[in-house]
Amino acid sequence: MSALLAVEGLTKTFGGIVALDQCSFEIAPGSLAALIGPNGSGKTTAFNVITGYQPADAGRLSFGGRVVRRPDPCRLQRLGMARTFQQARVFPGLSVLENVVLAHHQPWHALLRRRVSVTDRRRAEDLLGEFGLAAHSHVPAGMLSYGQRKLLEFASVLMGEPTLILLDEPTAGVNPVMVDTIEHHIRRCHGEGVSFLIVEHEMSFVMRLCDPVIVLDRGRPIACGAPQEVQNDRSVLDAYLGD
Amino acid sequence: MTWLGRESRTRPGGALQAFAFLGALAVLPVVMGRHWQVNLLVFTLMYAGLASAWNLVGGYAGYAALGHGAFFGIGAYAMAIGTTHLGVGTGYRPFLLVLPIAVGTALAVVPIARLLLRTRAATFAVLSITVMFMVQTFAYNIRSLTHGSQGIAVPVPPFPFTTFERPFYYAMAILLALTVAVCWAVRSSQLGLALNAVRDDEDRARGLGVQTELVKLIAFSLSAGLTAAFGAVWAYYISYVFPGFAIDPLLSLGAILMAFLGGRHTLWGPVVGAALIVPAQQYFAYRYGASHLYLIAYAALFLIVIYLLPDGILPSTTQRLNRLRTRSRARTTPDLLPMEALNPRGESE
């Protein structure tokens, strides 16, 4: 089967610093992949380049079997790729419900329709119910706690019915109960056929959830495989512990 | 296409507000019939409209556009040139030019708006001001069309002296009603939702599939077109256009101050702001002469609004009212706790 997401020779430099150096990897459809690596190894840059937030200096990206020239966040979302951010980002001035409704990708003439249509509202309320946020649906999202914002960000991404979700540190800064909740939702969505690529520092979370695990070091993948293989990989240990 | 869906959820309160507003607009010049009063009303409505039009970009989308004077000036010059060079005639006929001027400006700004809207925040603000001074420079220098610093005298209409201002008043009133209606339609459609998302976090909105470029462009174009319409009526009313007056940075700043004071992000905020500031400004101008002393009051007011009423008068008062209401309800039914949700910003007393 062809890869859902494939990057080839992705390179990105900031001044003299090489953030991504000829980075290539593939994500198969239906996988729950992790992207790990020491600080500064280029994980977030990889996310930004793949989702079109930063232009790559070189390299090729294909998604869903087709090459995406000049990736753009809006177009990629419409092709089925969605992402969350390291610091949970919501629209603080919009209500929780509107935060979710917004993410429903639509043709341009839908701009003339009602702000929150009946069908959109129903779908958004279902999603919020699943994430335990239904009681807050009319509160401005800026009033939610950090953990709730993480859940809201996750829920809103799902509104666009993506085939691949890129999560940037889903467990950073949330309490252990919330980590379990987020893990539950990842597993549930994965069960429904959504693929994931997750950047994460919390190793026990990665090891129990993800397969394959891709390890980045200095902007290029040094290992890729099942959690156990990667954990015992010599180069991975070197990268984390220093050589 | 379903315009606002099948069951448009207009609250009865909203319809009531609209009728009260239209009624007031119709009656005002009859109740306050003196020349200076109607003159003041004409300018109040004009600024209310300009502030509302600005709010589409500055409030809903959060883009600090400072150069709307350019579009006002384009509208004014289009009217002046239309009535003098094109021979439209006088009387009520020049009013027919207003609509084409508005549509023409809305379309003509698209290329420049596309460039401007690639920038954000301070860069956008500075560039929008630059565009205004460019337009002013053109007005000074394309003499064959604008007569440069000589200005263009627009033929004075043969309206009866006793009710001379009325036609202009009603023209402004119709334009204001139209502007508020456009703002309402934008707010209650997905366009408004998308614009608010751009205001809160544009990058994330892009990642969620919001066509940010398109929605910003639509808002800017609508805003510019409406602004130009007010400029056109203004030119006919003043019956003289000159680059320094028609393309005036203070005009946009005044409108922005009004939107800030009343409550940008709200529908009626700019109207409330204009109703407070324009008469006050005229009073100061009358007391202290036509000097620019009132600018000090502008600056002071800006500071006061930013420090004390960051959301403007309307949101602050509704919050306070909600708080009072919950408190009184809590008093009558002691087991009911004041709900945090009714105090959206979560501010403490």
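As the structure is a computational prediction, the values presented were derived from the model and not from experiment. Chain naming here is simple, since letters A, B, ... match the order of the sequence lines and numbering starts at 1 in each. Heavy-atom basis, side chains included; hydrogens, waters and symmetry copies ignored.
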| pair B/V198-A/F91: side-chain heavy atoms closer than 4.5 Å | no
| task | Using a cut-off of under 4.5 Å on heavy-atom pairs, state which of B/T212, B/L193, B/L191 scores highest against chain A. | result | B/L193
| said: A quick test of your reading: do over 12 heavy atoms of other residues, nucleotides or ligands sit less than 6.0 Å from CZ of A/R60? | reply: no
| request: Heavy-atom pairs under 4.5 Å with chain B are the metric here; pick the option from A/G160, A/A103, A/S95 that has the most. | output: A/A103
| field | Heavy-atom closest contact (A/L94 atom, B/D200 atom, distance) | value | N-OD2, 3.5 Å
| field | Intermediate values then yes/no, side chain to side chain contact (heavy atoms under 4.5 Å, CB included), A/D72 and B/R206 | value | CA-CA 8 Å; A/D72 166 82; B/R206 278 166 74 210; 3.8 Å; yes
| field | Side-chain touch B/N196/A/R115, heavy atoms, less than 4.5 angstrom | value | yes
| field | Within 6.0 Å of CZ in A/R188, more than 12 heavy atoms from elsewhere | value | yes
| request: To the nearest 0.5 Å, tell me how far B/S189 OG sits from A/R114 CZ. | output: 11.5 Å
| request: Answer yes or no: does atom CZ of B/R120 have more than 12 heavy-atom neighbours from other residues, nucleotides or ligands under 6.0 Å? | output: yes
| If we only count heavy atoms from C-beta on, is the B/Q190 to A/R113 side-chain gap below 4.5 Å? | yes
| query | Does A/V157 reach the side chain of B/L208, with side-chain heavy atoms less than 4.5 Å apart? | reply | yes
| task | Please name the pair of heavy atoms, one in B/R199 and one in A/G93, separated by the smallest distance, quoted to 0.1 Å. | result | NH2-CA, 4.2 Å
| Got more than 12 heavy atoms from elsewhere within 6.0 Å of CD1, A/I17? | no
| task | Dump the intermediate steps for side chain to side chain donor-acceptor pair (under 3.5 Å) on B/R204 and A/T84, then the final yes or no. | result | CA-CA 9 Å; B/R204 178 150 188 267; A/T84 66; over 6 Å; no
| Who wins among A/A82, A/G142, A/A110 for the most heavy-atom pairs under 4.5 Å with chain B? | A/A110
| field | Contact check, side chains of B/L214 and A/L111, non-hydrogen atoms, under 4.5 Å | value | yes
| message | So for atom CD, which belongs to A/E202, do other residues, nucleotides or ligands contribute more than 12 heavy atoms lying within a distance under 6.0 Å? | response | yes
| message | Quick check on the interface: out of B/V186, B/V210, B/D203, B/V215, who has the most heavy-atom pairs with chain A under 4.5 Å? | response | B/D203
| Heavy-atom distance under 4.5 Å between the side chains of A/R78 and B/Q211, does that happen here? | yes
| request: Give a yes or no on this: more than 12 heavy atoms of other residues, nucleotides or ligands lie within 6.0 Å of atom CZ of B/F19. | output: no
